[in-house]
Structures are given as C-alpha cells and as structure tokens.
Amino acid sequence: SFPGGRRDPADADAVATALRETREELGVAVAAASVWGQLRTLPDRQGMTVAPVVANLGPLEALTLTPNPDEVEEVFTLPLAHLLREENQGYTHFRTATSYGYTLPVFLNGPHRVWGLTAIITELTLELLLPGLY
C-alpha cells in the first residue's frame, strides 16, 4: 500500500496529510512543490474517504528510505515498464454470497501482488501518466 493515514487537525488539507504521512512512515521529506496533484477520492472498505496525492520524488537511487517499523513491514518498488507489461496485469473478481460482486485490478510481481485499493490507485495513476499506453 502507499503511505497514508488519517488527517491530523494540524494538516491544512489532503496534500499536507500525504506529505506528513510519507515523512512519518518512510522517512522521506517531500516538498509541497513536488506535488503534481490529487486523484479523485475513493472509499475504502471501512467507508472512509481516501484522497490519493501524486508527487515526484525524483530518482529512487537518490532517496534514502527510513521505514517506520511500527507502520511499515516491507518496502518495494515496481518500475513503470513492469506495470505496463500485460503479463503483470490482471483482474480479481469478487462475488457476494448470491451473485457477482465487483472486479478490481491486480498487478503481479514475484512474491508481491498489488491488489485492493493500492491497485486501484496504481491503475488511476497509470491512466493519468500514460494515456494510450495503459
């Protein structure tokens, strides 16, 4: 999943929340000027509203990640080229007890499977950044 959490009273808006959570969870200070914008809000399974924020962190090689062990179990990245390969893309179909429920995207990567809200946000980001390629 992506860094995230609840808005604190001191957070001015969703962008401020995203920047604070990224700093607290990954130890990465992202400048507000690096923010490209906010995707449409989405509901999570608990009915909370999630406001994805997209920012440019620069080259991964230049980042020093310091994950907070109380909040982050593991960190991994996926190149755009990997996400764009059809063999790494799929969909998961969910059913209710009596009928078809819904379909969500899934991205495959060895031991990691990106699914759920993380996959939805990844798909929205790919559609925005690479129209026509995804």
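Quick note: numbers below take in every heavy atom, side chains included, and nothing from hydrogens, waters or symmetry partners.
- Note that CG of Asn68 and CD of Glu25 are 7.5 Å apart. Values are rounded to the nearest 0.5 Å.
- A 4.5 Å side-chain heavy-atom check between Leu117 and Leu104 finds every atom pair outside the cut-off.
- Placement of Tyr100 and Trp115 in two distinct hydrophobic clusters is found when ILVMFWY residues are connected by side-chain heavy-atom separations under 4.5 Å, directly or transitively.
- To the nearest 0.5 angstrom, Thr92 atom OG1 is 6.0 Å from Arg113 atom CZ.
- Leu57 and Leu124 sit in two unconnected hydrophobic clusters of ILVMFWY residues. Membership requires side-chain heavy atoms under 4.5 Å apart, directly or through other members.
- Hydrophobic clustering of Ile, Leu, Val, Met, Phe, Trp and Tyr side chains at less than 4.5 Å, counting indirect connections, keeps Leu129 apart from Leu60.
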Would you mind writing out the side-chain donor-acceptor pairs for residues 36-54 within the sub-3.5 Å range, not counting sequence neighbours?
unit_1, atom_1, unit_2, atom_2, d
Asp44, OD1, Gln46, N, 2.9
Asp44, OD1, Gly47, N, 3.0
Asp44, OD1, Met48, N, 2.8

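- Checked against Thr118 for a side-chain contact (heavy atoms from CB on, under 4.5 Å), the options Thr122, Ile121, Ile120 give a single hit: Thr122.
- Of the possible polar contacts, one joining the Thr22 side chain to the Ala18 backbone as a donor-acceptor pair under 3.5 Å is found.
- In the hydrophobic clustering of ILVMFWY residues, with side-chain heavy atoms under 4.5 Å counting as a link, Leu128 and Leu78 come out together.
- Two different hydrophobic clusters hold Phe2 and Val72 under the rule that ILVMFWY side chains link at heavy-atom gaps under 4.5 Å.
- With a 4.5 Å cut-off on side-chain heavy atoms, Phe107 and Asn88 do not count as touching.
- Qualifying salt bridge (Lys or Arg N to Asp or Glu O under 4.0 Å) partners for Asp13, counting only residues two or more places apart in sequence or in other chains: none.
- In this structure, Leu65 CG and Leu63 CG are separated by 5.5 Å, a value rounded to the nearest 0.5 Å.
- Between Thr66 and Leu26 the shortest side-chain heavy-atom distance does not fall below 4.5 Å.
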- Task: For side-chain contact (heavy atoms from CB on, under 4.5 Å), just list the numbers for Leu126 and Leu83, CA-CA rounded to whole Å, side-chain angles, deciding distance to a tenth of an Å, and then say yes or no.
- Result: CA-CA 8 Å; Leu126 290 172; Leu83 294 170; 4.0 Å; yes

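- A 4.5 Å side-chain heavy-atom check between Arg20 and Asp11 finds at least one atom pair inside the cut-off.
- For the atom pair Glu21 CD and Glu71 CD, the distance stands at 6.0 Å (nearest 0.5 Å).
- For Tyr102, the ring pair (Phe, Tyr, Trp, His ring centres under 6.0 Å) criterion is met by Phe94, not counting sequence neighbours.
- Arg85 CZ: more than 12 foreign heavy atoms inside a 6.0 Å radius.
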- Full working for side-chain contact (heavy atoms from CB on, under 4.5 Å) between Asp8 and Thr17: CA-CA 7 Å; Asp8 282 352; Thr17 301; over 6 Å; no

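- In this structure, a donor-acceptor pair under 3.5 Å is absent between the side chains of Tyr134 and Gln89.
- For Ser34 (side chain) and Val30 (main-chain N/O), no donor-acceptor pair under 3.5 Å exists by modelled atom type.
- Between Val114 and Val106, the closest side-chain pair of non-hydrogen atoms is not below 4.5 Å.
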